[in-house]
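As the structure lists them, so they are numbered: ligands from 1, and atoms in each ligand from 1.
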Amino acid sequence: MPTDHPRKPLISGNWKMHHNHFEALQLVQKLAFRLSDDDYDVTDVSVHPPFTDLRTVQTTLDVDKVPIKLGAQNCYFEDKGAFTGEVSPAMLAKLDVALVIVGHSERREAFGESDELVNKKVHAVLRHGMTPIMCVGETLDERDSGNTEAKVAGQVRAGLAGVSAEAVAAMVIAYEPIWAIGTGRNATPEDAQATTSYIRGVVAEVAGTDAAAAVRIQYGGSVKPANAAELMAQPDIDGALVGGASLEADEFAAIVQFHRH
Ligand code: PEP
């Protein structure tokens with residue numbers, strides 16, 4: 001379901017469990033130095049440091065008036081209580097966090113996060129006025145056995161259960177084939193387009209065509225400066241969720257600047 005509606009791309013850097021708060025400060029300052037208003041005019045940019053770096057990065061962005069959006073990598077779905085080790089969406093909202101990654105495949109695979117838990121987290125993030133970046137994607141086995149569409153459709157339907165069409169329209173979905181994350185193997189632009197277009201069709205079924213036309217769908221999985229422009233040129237790809245290449249300011253800035261090519 002390719003569409004003509006313009007959706008401002010969102011390029012998000014998922015730092016995963018890298019960089020202490022000193023390193024985070026250096027990285028965000030370097031990044032701010034390399035990006036300009038010309039970039040922010042055409043592309044939204046977010047960084048998702050580990051929890052321990054959030055306050056440092058938030059203060060830097062705020063004091064230097066840098067329009068990079070602050071993101072988190074995860075949160076719990078309850079606001080407070082006896083949940084040792086968890087971080088609440090209320091705490092993130094208080095730190096000016098704008099976007100929260102929910103259901104990253106590393107959390108689904110390594111920490112057993114279910115579709116139901118992901119759905120609760122989507123609701124919790126929305127309740128606090130933040131934007132979920134809800135990740136979906138298939139394993140290599142699922143892809144090889146022709147089950148990509150069934151897998152992502154199930155994740156999209158379950159993840160969006162009970163979410164209003166208006167909220168879906170403002171959300172971000174990241175299509176991240178698991179076999180392409182951190183492996184150096186990326187989906188071809190045609191493959192990534194086919195699956196993001198399919199996901200948009202599933203969103204249309206669950207939330208209506210207006211929401212489907214508005215929702216931003218990122219591609220994630222070994223996005224680098226060399227492949228970013230071609231991936232972003234696809235009609236249903238509205239940005240990228242970038243892991244490894246977001247840890248270096250030069251590389252991440254070059255991805256954000258895909259529009260210059
Ligand atoms: C990710 O962390 O979401 C990701 C896509 O990682 P990488 O870019 O390293 O594949």
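In this structure, Glu248 places its CD atom where only 12 or fewer heavy-atom neighbours from other residues, nucleotides or ligands lie under 6.0 Å away. A 6.0 Å sphere centred on CZ of Phe83 holds more than 12 heavy atoms belonging to other residues, nucleotides or ligands. The environment of CG in Asn20 is crowded: more than 12 heavy-atom neighbours from other residues, nucleotides or ligands sit within 6.0 Å.
Of all the heavy atoms of Ala180, the ones lying under 4.0 Å from any atom of ligand 1 belong exclusively to the backbone.
In this structure, the protein non-hydrogen atom closest to atom 9 (O) of ligand 1 is Gly244 N, 2.8 Å. Atom 1 (C) of ligand 1 has as its closest protein heavy atom His104 NE2, 3.3 Å. Distance from atom 8 (O) of ligand 1 to its nearest protein heavy atom, with residue and atom name: Gly243 N, 2.8 Å. Ranking the protein heavy atoms by distance from atom 5 (C) of ligand 1 puts Glu176 OE2, 3.0 Å first. Nearest non-hydrogen protein atom to atom 2 (O) of ligand 1 is Lys16 CE, 2.6 Å.
Considering Leu160, Val203, Ile199 as possible partners of Val215, the one that fulfils the side chain to side chain contact (heavy atoms under 4.5 Å, CB included) test is Val203.
Shown in contact with Gly221 at under 4.0 Å from a heavy atom are these atoms of ligand 1, numbered in order with element: 5 (C), 10 (O).
Some N or O of Gly182 is nearer than 3.5 Å to an N or O of ligand 1, by distance alone. Where the criterion is an N or O separation shorter than 3.5 Å, residue side chain and backbone included, Gly220 fails it with respect to ligand 1. Residue-to-ligand polar distances keep Glu106 apart from ligand 1: every N/O pair is separated by 3.5 Å or more. Not one N or O of Leu241 is nearer than 3.5 Å to an N or O of ligand 1, by distance alone.
Take Leu27 and apply the side-chain contact (heavy atoms from CB on, under 4.5 Å) test, not counting sequence neighbours, and it matches Trp15, His19, Ala249.
In terms of heavy-atom proximity, Pro9 sits nearest to Phe258 at CG-CZ, 4.0 Å. Between Met134 and Gly159, the shortest heavy-atom distance links the atoms SD-CA, 3.6 Å.
Under the 4.0 angstrom criterion for non-hydrogen atoms, Ser222 is in contact with ligand 1.
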Under 3.5 Å, sequence neighbours excluded: what are the donor-acceptor pairs made by side chains of residues 88-105?
| unit_1 | atom_1 | unit_2 | atom_2 | d |
| --- | --- | --- | --- | --- |
| Ser88 | OG | Asp79 | O | 2.9 |
| Ser88 | OG | Ala90 | N | 3.1 |
| Ser88 | OG | Met91 | N | 3.2 |
| Asp96 | OD2 | Gln58 | NE2 | 3.2 |
| His104 | ND1 | Glu106 | N | 3.0 |
| His104 | NE2 | Asn14 | ND2 | 3.4 |
| His104 | NE2 | Glu176 | OE1 | 3.3 |

